[in-house]
Amino acid sequence: HLDVAHRQLDHALVALLHLAHDAVRGRPCLRRPGADGRARLRRARVAVGMLVHGTVQAAVALAHKQRTESVEVAADGITAVDVVNSAGRVRVIGVEDATSIRVRARIDDGLRRSGHSVTTVAGTLRVHGSCPNYGSAWCQVHYTIEVPSTLPVYVRSDGSIEVTDVTGGVEASSNDSSVTLDRVDGDLVLESDQGRITAGALRSSHVTANADQGRISLVFLESPRTVV
């Protein structure tokens with residue numbers, strides 16, 4: 001990406017040099033510019049546009065940074081995990097007899113930093129990923145979260161959602177990708193606007209699943225009471 005941005009900037013500078021060379025060779029004229037003058041003006045506009053575009057692209061490429069942040073929170077007193085991520089994927093893994101919740105975020109920043117926060121509010125651990133309103137060309141936040149398997153999990157994401165080995169129930173909703181569950185128990189509410197819903201090895205008694213533009217596949221180890 002840096003090489004592409006540098007080439008664009010080089011092309012713009014070359015165009016400006018050619019324009020300056022033409023100006024030196026030309027004769028100053030106070031009259032209304034003729035065909036040659038109008039051509040030079042058009043070339044000037046193109047050169048300036050190329051320079052601006054190349055400069056912006058170079059700045060965006062140079063601003064790209066990656067980082068990884070990890071947080072561990074004691075599970076004592078936590079009654080649920082609520083994840084809202086408008087910037088990428090979410091993966092939740094249930095861990096039997098775990099005494100803490102581990103949140104790992106892989107983050108891409110652009111001209112402005114991508115949003116990432118982990119807070120506790122009234123017994124709910126809240127994980128939030130987002131992109132800035134501008135300067136977000138590189139913005140991505142991908143989560144891997146390990147939770148005690150008995151905690152209920154709520155996930156809303158613009159990217160894909162994957163939940164495994166959770167027995168406390170799951171509510172998962174993705175705007176633009178798939179929802180995948182495996183070895184899950186408890187009540188389920190699953191939604192996807194632009195992707196499929198796939199769930200296997202289920203022991204859930206009550207399941208609600210809706211996919212606007214994708215297929216739904218549910219495989220149960222035990223017969224459910226209701227599936228909507």
inquiry  = Taking side chain to side chain contact (heavy atoms under 4.5 Å, CB included) as the definition, give me every residue that meets it alongside Q66, ordered by chain and number, with sequence neighbours left out.
reply    = H64, D108
key: disulfide (SG to SG under 2.5 Å) contacts touching residues 85-134 (sequence neighbours left out)   = C131-C139
ask   = Can you name the side chain to side chain contact (heavy atoms under 4.5 Å, CB included) partners of D212, sequence neighbours left out?
value = D193, N210
Donor-acceptor list for residues 194-202 side chains, cut-off 3.5 Å, not counting sequence neighbours:
none

Any residue meeting salt bridge (Lys or Arg N to Asp or Glu O under 4.0 Å) with R102, in chain and number order, not counting sequence neighbours = E72
ask   = Who are the side-chain hydrogen bond (donor to acceptor under 3.5 Å, both in side chains) partners of Q140, not counting sequence neighbours?
value = H142
message = Is there a side-chain contact between I107 and T68 in this structure, where contact means two heavy atoms from C-beta onward sitting under 4.5 Å apart?
response = no
request  = Quick one: which residue pairs count as a ring-ring contact (aromatic ring centres under 6.0 Å, His included) with a foot in residues 96-116, not counting sequence neighbours?
outcome  = H116-Y143
query = Would T99 and D76 satisfy side chain to side chain contact (heavy atoms under 4.5 Å, CB included), going step by step from the backbone distance to the final call?
reply = CA-CA 7 Å; T99 59; D76 186 33; over 6 Å; no
Within residues 140-169 or reaching into it, pairs that qualify as salt bridge (Lys or Arg N to Asp or Glu O under 4.0 Å) - sequence neighbours excluded = D82-R156, R91-E162, D165-R183
inquiry  = If the condition is salt bridge (Lys or Arg N to Asp or Glu O under 4.0 Å), which residues does R113 pass it with, not counting sequence neighbours?
reply    = E69
Side-chain donor/acceptor pairs under 3.5 Å, residues 216-228, sequence neighbours excluded:
residue: E222; atom: OE2; partner: R203; partner atom: NH1; Å: 2.8
residue: T226; atom: OG1; partner: H206; partner atom: ND1; Å: 2.8

query = Would you say I101 and I78 make side-chain contact, with heavy atoms under 4.5 Å?
reply = yes
query = Which residue pairs pass the ring-ring contact (aromatic ring centres under 6.0 Å, His included) test when at least one of the two sits in residues 154-182, sequence neighbours left out?
reply = none
task = Check side chain to side chain contact (heavy atoms under 4.5 Å, CB included) between S117 and all other residues, then give those that pass, not counting sequence neighbours.
result = H128
